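Below you'll find the structure, written out as structure tokens, and then a few comments.
The figures here come from the full heavy-atom set of this structure, side chains too, leaving out hydrogens, waters and symmetry mates. Everything numeric in this text was worked out from a predicted model, so none of it was measured.
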Amino acid sequence: MFSAPKKNALPPEAVDLQTKGVYLDELCDIPMDYLEKTEEGTHEFRCSAESGDCHRYPICLKGREIPRDAGH
């Protein structure tokens with residue numbers, strides 16, 4: 001079911017390793033909030049921006065899931 005942990009896992013796209021901020025994509029500049037680990041084993045994040053905070057707000061997906069990797 002699960003593969004062996006990677007020794008040196010690559011960080012997910014649009015994650016700032018210094019601040020540990022998770023962003024929707026490389027064009028996003030507002031960090032997302034962690035919600036939970038899903039039943040599928042992914043980590044779910046939701047946009048923390050308010051309506052007037054982001055110019056992409058009306059068209060943004062406002063959510064993202066990152067697959068879990070035990071290698072960190």
Indicate the atoms forming the closest heavy-atom contact of Ser48 with Pro31, along with that distance. OG-O, 2.6 Å
At what distance, to the nearest 0.5 angstrom, does OG1 of Thr38 lie from CD of Glu44?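 These two atoms lie 7.0 Å from each other.
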Salt bridge Asp29-Arg56, side-chain N to carboxylate O under 4.0 Å: no
Classify the angle between the aromatic ring planes of Phe45 and Tyr34 as parallel (below 30°), tilted (30 to 60°) or perpendicular (above 60°).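 If you compare the ring of Phe45 with that of Tyr34, the planes turn out perpendicular.
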Would you be so kind as to tabulate the donor-acceptor pairs closer than 3.5 Å made by side chains of residues 57-66, with sequence neighbours excluded?
| unit_1 | atom_1 | unit_2 | atom_2 | d |
| --- | --- | --- | --- | --- |
| Lys62 | NZ | Tyr57 | O | 2.4 |
| Lys62 | NZ | Cys60 | O | 3.2 |
| Arg64 | NH1 | Glu13 | O | 2.9 |
| Arg64 | NH1 | Tyr23 | O | 2.5 |
| Arg64 | NH2 | Glu13 | O | 2.5 |
| Glu65 | OE1 | Thr42 | OG1 | 2.8 |

Determine, using the 4.5 Å side-chain heavy-atom cutoff (strictly less than), whether Val22 and Ile30 are members of one ILVMFWY cluster. no
Side chains of Met32 and Arg46, heavy atoms from C-beta outward: is any pair under 4.5 Å?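 No; the side chains remain at least 4.5 Å from each other.
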